[in-house]
Amino acid sequence: MTNSLLILPGDGIGPEVMAEVTRIIDWFGDKRGIKFDVTEDLVGGCAYDKHGTPLHDDTMAKAQEVDAVLLGAVGGPKYDKLDFSVKPERGLLRLRKEMDLFSNLRPAQCFDALADFSSLKKDVVAGLDIMIIRELTSGVYFGEPRGIFEEGNERVGINTQRYTESEIDRVARSAFDLAMKRGKKLCSMEKANVMESGILWREVVTEVGKDYPEVELTHMYADAGAMQLTRWPKQFDVIVTDNLFGDLLSDLAAMLTGSLGMLPSASLGAPMENGRPKALYEPVHGSAPDIAGQGKANPCACILSFAMALRYSFDLGDEATRLEQAVNSVLAEGIRTADLLNEEGVTPATTVEMGDAVLKALDASL
Ligand code: NAD
């Protein structure tokens, strides 16, 4: 089977961090014989500059065909005044919507060398490795009715939390599948104590769980879950939750581990004909206009997003681990970009130097 990959570097630091990933993709071809059929295209502000739209229809069509899309970042001050319909972020939202990426995977993994970076005590986060799965295409951000309406002599703002059984079923299945590949523990979070959608969520997840007898399923109210994530996050393996709670809990969990420059993500949809899921991989961070073009960006979030692609799209879990361990060993050597340094007098590595170091560590892994 061929491995097709669409690369969309985007704006700001996107092209800088993606250039390092491209070198790593070439390394896998040269040194491991794992070839990727790579095409590159525009998304965000740069696509608007060329085509007058943040995502050209041809790019959208390509994204639907490939095994995985890898995106850098979009946006920047140059585009802030554009009409909402053509803002760079609309390109990203169109990809997520038309590819129907309902399952958003956000790992919170603490690299040993960065345990001091967390705002929590070192022993609480050292060795942390959890995965939060957030439902991405339904729930209160999409439910109707929504809007600001007149009611009597005042206005009322309305959003509707709405989930169908099938929407819960499919994201629950993706969470159970993932738990099977990890520690076989899944915690589902909702507010079944005060929300009917939460009651349905719990019922459906429990029902799906009967198909996965090896996975230990627990349920937690989302507010208690937030407390437990800061108290003792290592009690969790995989967490599945809805769009709104997932938005909050995944940011909370991600920050347990330190810098935005280290955080990858994946958004997965239904399986395609070849059995691989529709998939978009991207770092959590934005285009960082404050440091763009200066060689200061940390490429690790984008590199680790590619590692997620190796694992979840190309079924190359061992190679994904090889790449993650290479990043870990670079950090352990003390090589850091500026965002990972909190001491004076240490010269930070540039984006390219960080890429060089990861390549060297990959060589050493052979
Ligand atoms: P940001 O993530 O771009 O930057 C926040 C801070 O983190 C900045 O100080 C930045 O320098 C730093 N930072 C981010 N990534 C880094 C990296 N890899 N290495 C080192 N430092 C890093 O968020 P923002 O400043 O709120 O937004 C900037 C632009 O990015 C806006 O136009 C926003 O709309 C867009 N944005 C895009 C995405 C995306 O493409 N997925 C996500 C968030 C924001």
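The analysis underlying the following values was restricted to heavy atoms, covering all of them including side chains, and did not include hydrogens, waters or symmetry mates. Note that ligands are numbered from 1 as they come in the structure, with each ligand's atoms numbered from 1 the same way.
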Does ligand 1 have an atom that lies less than 4.0 angstrom from a heavy atom of Gly76? yes
Strictly less than 4.0 Å: does any protein heavy-atom distance to atom 25 (O) of ligand 1 fall in that range? no
Is any side-chain N of the basic residue among Arg134 and Asp247 closer than 4.0 Å to the acidic one's carboxylate O? yes
Counting only heavy atoms closer than 4.0 Å, does ligand 1 sit against the backbone of Asn298, its side chain, both, or neither? both
The closest protein heavy-atom partner of atom 44 (C) of ligand 1 is Gly286 CA, 3.5 Å
Using 4.0 Å as the upper bound for N to carboxylate O, is an ion pair formed by Glu167 and Arg170? no
Ion pair Asp123/Lys234, N-O distance below 4.0 Å: no
Please work out which of Ile13, Val74, Leu260 has its closest non-hydrogen atom nearest to atom 16 (C) of ligand 1. Ile13
Which of these, Val43, Asp339, Leu92, Leu340, has its nearest heavy atom closest to atom 41 (N) of ligand 1? Leu92
Specify whether the nearest protein heavy atom to atom 2 (O) of ligand 1 is under 4.0 angstrom away. yes
The answer for which part of Pro289 has a heavy atom under 4.0 Å from ligand 1 is side chain
Looking only at protein heavy atoms, identify the closest one to atom 29 (C) of ligand 1 and say how far it is in Å. Ser287 OG, 3.2 Å
Considering residues, nucleotides and ligands other than Arg96, do more than 12 of their heavy atoms fall under 6.0 Å from its CZ? yes
Which residue owns the protein heavy atom closest to atom 11 (O) of ligand 1, what's the atom, and how far is it? Asp290 OD1, 2.8 Å
Looking at ligand 1, is there an atom of it that comes within less than 4.0 Å of some heavy atom belonging to Val17? no
